[in-house]
2 protein chains.
Amino acid sequence: MQSEDRDAVDLDETDLAILERVERDSDVNLEELSDTLDLSRSAIHYRLKKLKNSGVITSTSADVDPLALGLSLLIITEVSVAHESGYAEDIGEALAGIDGVYQVYYTLGDTDFIVHSRVQNRAQMNELIDKIVGIDGVNETSSTFVMQEIKTGDRTVANMSETMIDDVLDDS
Amino acid sequence: MQSEDRDAVDLDETDLAILERVERDSDVNLEELSDTLDLSRSAIHYRLKKLKNSGVITSTSADVDPLALGLSLLIITEVSVAHESGYAEDIGEALAGIDGVYQVYYTLGDTDFIVHSRVQNRAQMNELIDKIVGIDGVNETSSTFVMQEIKTGDRTVANMSETMIDDVLDDS
DNA sequence: AATGAAATCGACCAGCA
DNA sequence: TGCTGGTCGATTTCATT
């Protein structure tokens, strides 16, 4: 009754140690992991495979620097829709489909969607905002310009507190 | 004069095709890439190495599902600071250091920082917000709750338009 | 679930266009 | 400089405990 096993595959300290390491660098030498965790290479591989199959590791991706591709402008846009009823899903999908948009959240509060986009110049920025405003049902938008990305890169385990870690481990 | 070569390593269509593929799955078989791009395994490897060394590929990471670790609550917080002068950098670092926080942006506009955090329950959420408010110099905060993550996962190339791609290619 | 041996895949070296 | 082919080493897989 106190276990909320949604996707909760029960993990131990070893699993978390592996996760923390591979989310930092998935090309890690199995020998290094085997070394620090006192486990055979095959055991590490076995656990990694299980973590992937169970969906704990959703994918393993190469992170491409946006600046290297000229995407130097990051814009965060708050989007409000006219009618709260029904269309929300469709509008979310429409926002997600716009070129340059790479994060879309449906939020509870004064604004309905929060959208993160990257573009190369002002012209593309204007075009992007026009596309957002042009979506049927979108009422009002407010865009802010990001001066500096202080923390980025979606690490999950690395940002967890001791309390959060314990919560995962106490799921036996 | 029209080339703004900041980090701009000039890339061709083949490089972009490789990037688009490895940012989706970095464990791609070299044979598959070699097959679809009509290039030898070694050539693909050569280009990948170059892309990593030049910083276009910053890292290669395993993506861990936050839900699998019980992090079901995503909160987006707008933070305003008291004095615009000086302390901004320090406050940004302080925000980035809080457990649960995984994205921090310094923005231009009515609000100074935008912070994304993940927690497991209300208690952790309250604790997190208390820590943010407790930072010296933080004036006002406004948190909104994310109901649904419609688009996520920091793909760079996948979200680019044809125009953006062309801009990268016309950098010879 | 973890171990060790066999097949497979990726990393490096030298030569070539 | 960028690509080819072959080789060595590491990794993935399988059968066994």
Side-chain angles (χ1 to χ4, degrees), chain A residues 3 5 7-65 68-69 157 165 168-172, chain B residues 3 5-64 68-69 157 165 168-172:
Chain A
S3 64
D5 302 328
D7 308 75
V9 192
D10 46 298
L11 309 168
D12 59 11
E13 310 87 340
T14 308
D15 290 318
L16 286 176
I18 293 173
L19 288 174
E20 193 274 335
R21 191 67 190 87
V22 295
E23 83 170 353
R24 199 157 16 114
D25 179 16
S26 61
D27 289 335
V28 151
N29 215 327
L30 287 196
E31 196 172 332
E32 183 192 317
L33 279 168
S34 160
D35 219 35
T36 55
L37 298 176
D38 286 320
L39 222 61
S40 75
R41 278 169 281 262
S42 301
I44 304 282
H45 179 69
Y46 181 78
R47 282 171 179 261
L48 267 172
K49 190 179 173 184
K50 190 180 171 186
L51 289 168
K52 286 176 187 169
N53 289 339
S54 63
V56 178
I57 294 176
T58 55
S59 63
T60 155
S61 54
D63 304 317
V64 179
D65 181 19
L69 276 63
V157 183
I165 299 281
V168 173
L169 296 177
D170 295 347
D171 234 356
S172 56
Chain B
S3 63
D5 301 327
R6 273 193 30 81
D7 307 75
V9 193
D10 46 298
L11 308 167
D12 59 10
E13 310 88 340
T14 308
D15 289 318
L16 287 175
I18 293 174
L19 288 174
E20 193 274 335
R21 191 66 190 84
V22 294
E23 83 169 354
R24 199 159 15 117
D25 179 15
S26 61
D27 289 335
V28 148
N29 218 323
L30 287 197
E31 196 172 330
E32 184 192 318
L33 277 169
S34 160
D35 220 35
T36 54
L37 298 177
D38 286 320
L39 223 60
S40 75
R41 278 166 282 262
S42 304
I44 303 283
H45 179 69
Y46 180 79
R47 282 172 179 260
L48 267 173
K49 191 179 174 184
K50 191 180 171 185
L51 288 169
K52 286 176 188 169
N53 289 338
S54 62
V56 178
I57 295 176
T58 54
S59 62
T60 153
S61 54
D63 305 316
V64 179
L69 275 65
V157 183
I165 298 282
V168 174
L169 296 177
D170 295 346
D171 236 355
S172 55

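In the text below, chain A, chain B and the rest are named by the order of the sequence lines, each starting its count at 1. This one's a predicted model, so the numbers in the text were calculated from it and none came from an experiment.
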Exercise. So which nucleotide from D:dT13, D:dC3, D:dG5 ends up closest to the side chain of A:Lys49?
Worked result: D:dT13

Exercise. For the pair made of NZ in A:Lys52 and C1' in D:dT13, what is the distance, rounded to whole Å?
Worked result: 13 Å

Exercise. Just checking, is any N or O donor in the side chain of B:Thr58 or A:Asp63 under 3.5 Å from an acceptor N or O on the other one?
Worked result: no

Problem set entry | Distance in Å, A:Ile44 CD1 paired with A:Asp15 CG, rounded so as to fall on 0.5 Å steps | 9.5 Å

Seminar exercise, completed: Atom CG of B:Asp38 and atom C1' of D:dG2 are separated, to the nearest Å, by 17 Å

Exercise. When rounded to the nearest 0.5 angstrom, what is the spacing between OG in A:Ser42 and CG in A:Leu48?
Worked result: 12.0 Å

For this session: Classify the nucleic acid contact of B:Arg41 as base, sugar-phosphate or nothing, counting any heavy atom under 4.0 Å across all strands shown.
Result: nothing

Problem set entry | Nearest-nucleotide comparison on DNA chain C, the residue closer to the 5′ end among B:Asn29 and A:Leu39 | A:Leu39

Exercise. Hey, does the side chain of A:His45 come within less than 4.0 Å of D:dT12's phosphate (OP1/OP2), counting only N and O?
Worked result: yes

Exercise. To the nearest 0.5 Å, how far apart are CD1 in B:Ile57 and CG in A:Asp65?
Worked result: 11.0 Å

Exercise. Any idea which heavy atoms bring B:Arg41 and B:Ser34 closest together, and the distance?
Worked result: N-OG, 3.8 Å

For this session: Write down the distance between CG (B:Leu30) and P (D:dC3), rounded to a whole number of angstrom.
Result: 14 Å

For this session: Using whole Å, report how far CG of A:Leu33 lies from C1' of D:dT12.
Result: 15 Å

Exercise. What's the verdict on side chain to side chain contact (heavy atoms under 4.5 Å, CB included) for B:Val22 and B:Leu51, showing C-alpha distance, side-chain angles and the deciding distance?
Worked result: CA-CA 11 Å; B:Val22 294; B:Leu51 288 169; over 6 Å; no

Problem set entry | Interatomic distance, A:Leu48 CG vs D:dT12 P [rounded to whole Å] | 8 Å

For this session: Take atom CG of A:Asp27 and atom P of D:dT11, then tell me their distance rounded to the nearest Å.
Result: 10 Å

For this session: Output the distance between atom NZ (B:Lys50) and atom CD1 (B:Ile18), rounded to the nearest 0.5 Å.
Result: 10.5 Å

Exercise. Between D:dG6, D:dT13, D:dC3, which one does the side chain of B:Ser40 approach most closely?
Worked result: D:dC3

Exercise. So, is B:Tyr46 near the phosphate of D:dG2, with a side-chain N or O under 4.0 Å from OP1 or OP2?
Worked result: yes

For this session: Round to a whole Å and report the spacing from CD of A:Glu31 to P of D:dG9.
Result: 13 Å

For this session: May I have the distance from A:Arg47 (atom CZ) to D:dT12 (atom C1'), rounded to whole angstrom?
Result: 18 Å

For this session: Anything under 4.0 Å to a heavy atom of chain B counts; send over the first and last such nucleotide of DNA chain C, read 5' to 3'.
Result: C:dC9 to C:dC12

